[in-house]
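Written below as structure tokens is the structure these notes are about.
Convention: sequence-line order gives letters A, B, ...; per-chain numbering from 1. Since the model is a prediction, treat every value here as computed from it, not as a measurement.
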Amino acid sequence: MKKWGLYIFATAVMLISMASCGSRHDDMVPSPSPAVYYWKTVFKLDSIQQQFLHRYAIKKIYLRFFDVDFNEQRIPIPMGTVQFDSKAPSGIEIIPVVYIENHCLERPHDLAQNIVKRVLTMASTNNINIKELQIDCDWNNRSRRTYFELLHDIKGQLYRRGHFLLSATIRLHQLSQPVPPVDYGVLMCYNTGNIHDYNTANAILDAKEVRPFINKRLANYRLPLCAAYPAFGWKLLFEKGQFRTILREIDLKDSTLYRRISDKKYIVLRSHSVAVPDPNSFGLMVRAGDEIKIDEVSAITLFEVESMLQAKRPNINRQVIIFSLNSINTNKLSAYEMDKIYRR
Amino acid sequence: MKWIRFIAVSIVMCLYSFQAMACADYYTPEMCNMFSVYNHNDLYTFNRMYSFNEGNKMDVAQFNFWKSYFNNKVNPKTIKDALFNNETKALSGLIKYLQQHKDMDGAHYLILLQQMRKIDNGNAWDYPTKEQLANNNRIWTNILNDASRRIVSSKKLGSRYWLMAMRAAFYTNNKEQCQGLWDKYQAHCPSNDIRILAEGYLASYWYKNGERERAREFYAKVGDLQSLRWCFRNDIGLKGIQKLYAEAPNSVAFPYLIQDYVNSIDNDLHPAWEEPTENDSVRQIVTAEMKEFRRFADRVLNENKVDNPALWKSAAAYFAYLLGENKTAMDELKEAAWLRGTDRMKENIRVLQLMVESDASDYNNPSFDEYVLKELRWLMAKAKSEPLYTDYSYKYYVRNHYTDVLQRIVLYNLTPGYLKAGKFNTGTVLTGMTNEFVNMCIRKNKRTNKYLADWTEGYYQNDYNDCYFALLDTADVKEVVRYQNFLSHPAQGSALEQYAASYCHNDMNYYNELIGTKYMRIEEFEKASEYLKRVSLPFISAMNIAPYLHAESSYPMWYAWKYKKTLNKKKMVRAMLTVNPKLLFCNSMLALRQRLMLATDDKEKGNLNYELAEKYIQASHIGYCWAYLHYAWSADSTFGASNYKEQYIAHAKECLQRSMQQNLTTINKIKCLFALASLADSPWRTWLYDEQADKEIPEYHKESSQAQLFAQLYTYRSTTAFVNEGLSRCDNLKSYIEYYSRK
């Protein structure tokens, strides 16, 4: 009998330990579902965006509510608050995102309370039922301690007001840092290069830039993670190799103004002014001889990065977030490619 | 000689990481637009800030109204705080004052204003709840009704009640009532400013309703450039101008469109094409377009439908200038000055006249100097009075239109013109004046006399990285000496020179140091020493190159591999200099030359020549003391055009050759051969990367100068002197010996 008892006990221990080693449920984000970011100051969904939500069965919209930046007196205040011109689509969870400028962490007093109170009021006023808050910040080694304390305080504030999850974006360079005190993280797989450098191959996403970060640290990162991938492009203006700005409204098809000089580069043929978000300027003068560099992310790059992450962290793509719904109209990914990215 | 390469690369790497690079100013003429017919002062009319702005005409007009309303009996600060700076206490104070003086209408207006303020309590973190939104709506409705009732009955504040009612209608989304209020009362409103503010609430409706022309006119009138641009987004350029003229020949948008167009054409004529054919092709297109615009402007002026013919005429005249027709340009600008136009348009004509005159006049004519002086005085006064803005696309430069104009006219016309006419002092002092005026008077930069106290990592002195420095650094030293004399006694100069000198940087440390270094470069050490003696230690310690001036100079450069630790310690030191190392260098060169001249013994001469070679190399661009002759390190090292870099090395080699001939001892021969091998132009071995093998493969060059010198050293490899000099420890020489021993 004793022998039998010992045998049963050993088998039970083995089964339990096997189960805990095998599926690694601890690295998966809660309720993983297809998701998108929405990053504009007006929340207004057009028909293409609504179709997109339907077509890919999007269940979560990570919606930027406001940024936190210094005012002229260097006091952190909310800026660029989203204006709701569309109702939140039914059946889709809205997750408010607050972007905090790293320098605001120099003056973190009352920040947690202000953020939580404002987010909850915004949600209530606009009839949005929220269950989670996400914080986005490009923190570094110097600001880490304050940032983590801020997250801790936000969590406390949220806890006092009900049951809310707290998530945070994780930039690739932040993987080498300790894990922030949140429920899960979103690994940002975009803005990986330096847009100021004319020689950067692709500042939005370059698999070569991502590879050094896909190592043991990612595999062992002690926080549930999902991934956010880019579906946007930008046009960067360079004068004599020096970065000037991101151009918004330009029509590169106009052959009297621009000439294509390579796959992703155009040269300005005639000087002309283009619109800029500067109230004091009629326009920014783009000069003959300036170069415009287009960064877009191909499906191949996205698949490559997705696979790289997957190889090190099998659950990371259980929830994929596309950045962003507001640029979906202009992105060139096909429905098939988008399906593949969402791993449907 | 791997170590030489290593040291050179290390120095370059360190320097790149430290901000001591002499990059030329990024300023180019095409950055400075010449044509400006609208004033940035007017731009804040509608998008006013939350605090009183002295530069905002609307704010000033409103403030003056209230000042006189209170019969100048209330502190102006209280009025500003209450009505412009959103201070609750001050506003309550004004209400109380009016109530005490039985002005119930005024008090009522301010009470309504107080209610409006409460809606937006100024706390940026607040976001209205549903209840607050409903309450705000009630307050707005109440204000709308209350203010509407008082538009006619109020004796002094009727138009303000009208504006308040329109605002309330706008915020309650009551479009029809907003329009109704406008239609009913706008003709009776005595204040143009109030009417403009009221109209603003309608402009957004016009645009949405497709009345774009009306909205566009409004945005142009109030200087809301972003909205204006949006209206014109597809009609920028000559075609847009022609189209608008056909629709509305007197559109207020023309100043914006014509200014934008003229400046874009001006920019097109300075493109940075690598291919000259590209420049030609753009020039052809632009030339045709300028001619077309001139024809069109003629038509416009003949039709006599426009209120501001000066604008059209001056644009056409500037195109004549850009087409190379200076005489026509001058005549047309004179004509334009007499035509109707705003003050700003007339000022623009004056600027264009200076531009054309400075490009076409006789620089030896004294009356031209008088004209330039008069115009520069005016231009600099304008630069001071015009509001500044920060150009985020160019190094965060603070600038305005007149600083741009000043820089373009002086740096690209006046200075080159005077230099060409042989007037070095005039040309240079004008650049110095412009530089100093823009950097100190406009950008409010400051120099410190506590040089070292302000020296921290990243501290940056523009004095060695601007067009003024470039001019002085490339000029002949004798010119700079004469220029320094002029700056010390400006009364000797012309009125124009005296005026410019009064703005110019006049710290003689700067000029003495510059002249001393220029003499060092041409090896006139006595004169160099004379000037360097006058440079104070705090000044030289604060130069951005100063940390590199601490470099160790006691070891021959070719033996640097032996003393690497010691040398590296002093490669860059952030500390006050206790002596002027440049002066010491000059004095030791003078002493060595003196001893060489007096020496009679060949061996002694040989030793002195060897020492001289050591010194030359130390101060050359490959030496540890490279900073003696440089102000920064970049691809071209400095602005200086002389070939002193090559000369220092060439002279070192000559001294070594002479030393070998004069001192025939084995040890001297070995030392000189090794030194010469270190300085050889072509190495005995190079490396090529083999992609297939994924490694570097050596290539040997038997005929190279270094191989020849090593071959001579090879014969001495067993001598005691060779061993005592430690040459058997030199990796490069060791490799050579091993390689050739195998052969």
For residues 107-123 of chain A, the side-chain hydrogen bond (donor to acceptor under 3.5 Å, both in side chains) pairs (sequence neighbours left out) are T81(A)-R118(A)
Looking only at non-hydrogen atoms, find the nearest pair between [X] and [Y] and report the distance.
X: P78(A); Y: A124(B); result: CG-O, 3.1 Å
X: T125(A); Y: L133(B); result: CG2-CD1, 3.5 Å
X: M285(A); Y: S264(B); result: CE-N, 3.5 Å

Which one wins on heavy-atom pair count under 4.5 Å against chain B: V274(A), T256(A), V286(A), D251(A)?
V274(A)
Going from CG on N123(B) to CD1 on I77(A), what distance comes out if it is rounded to the nearest 0.5 angstrom?
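Taking CG in N123(B) and CD1 in I77(A), the distance rounds to 9.5 Å.
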Kindly compute the distance separating OH (Y127(B)) from OG (S124(A)), expressed to the nearest 0.5 Å.
10.0 Å
Could you please spell out the steps behind the side chain to side chain contact (heavy atoms under 4.5 Å, CB included) verdict for L111(A) and W125(B)?
CA-CA 10 Å; L111(A) 207 50; W125(B) 284 101; 3.7 Å; yes
Should N127(A) and K130(B) be marked as a side chain to side chain contact (heavy atoms under 4.5 Å, CB included) after you check the CA-CA gap, both sets of side-chain angles, and the distance that decides it?
CA-CA 9 Å; N127(A) 300 314; K130(B) 281 178 190 168; 2.5 Å; yes
Should the heavy atoms of other residues, nucleotides or ligands under 6.0 Å from NZ of K40(A) be counted, would the total exceed 12?
no
For a quick test of your reading: what N or O donor-acceptor pairs under 3.5 Å do the side chains of residues 128-136 of chain A make, sequence neighbours left out?
from: E132(A); atom 1: OE1; to: Y184(A); atom 2: OH; distance (Å): 3.2
from: E132(A); atom 1: OE2; to: S167(A); atom 2: OG; distance (Å): 2.7
from: E132(A); atom 1: OE2; to: Y184(A); atom 2: OH; distance (Å): 2.4
from: Q134(A); atom 1: OE1; to: Y37(A); atom 2: OH; distance (Å): 2.6
from: Q134(A); atom 1: NE2; to: S167(A); atom 2: OG; distance (Å): 3.0
from: D136(A); atom 1: OD1; to: T169(A); atom 2: OG1; distance (Å): 2.6
from: D136(A); atom 1: OD1; to: R171(A); atom 2: NH1; distance (Å): 2.9
from: D136(A); atom 1: OD1; to: R171(A); atom 2: NH2; distance (Å): 3.1

Heavy-atom cut-off 4.5 Å, strictly under: side chain, backbone, both or neither for I75(A) against chain B?
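Neither part; nothing is under 4.5 Å.
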Looking at D268(B) and R270(A), would you say the former's side chain and the latter's main chain have a donor-acceptor pair under 3.5 Å?
no
Interface residue of largest heavy-atom contact number with chain A, from E131(B), E289(B), Q132(B), under 4.5 Å
E289(B)
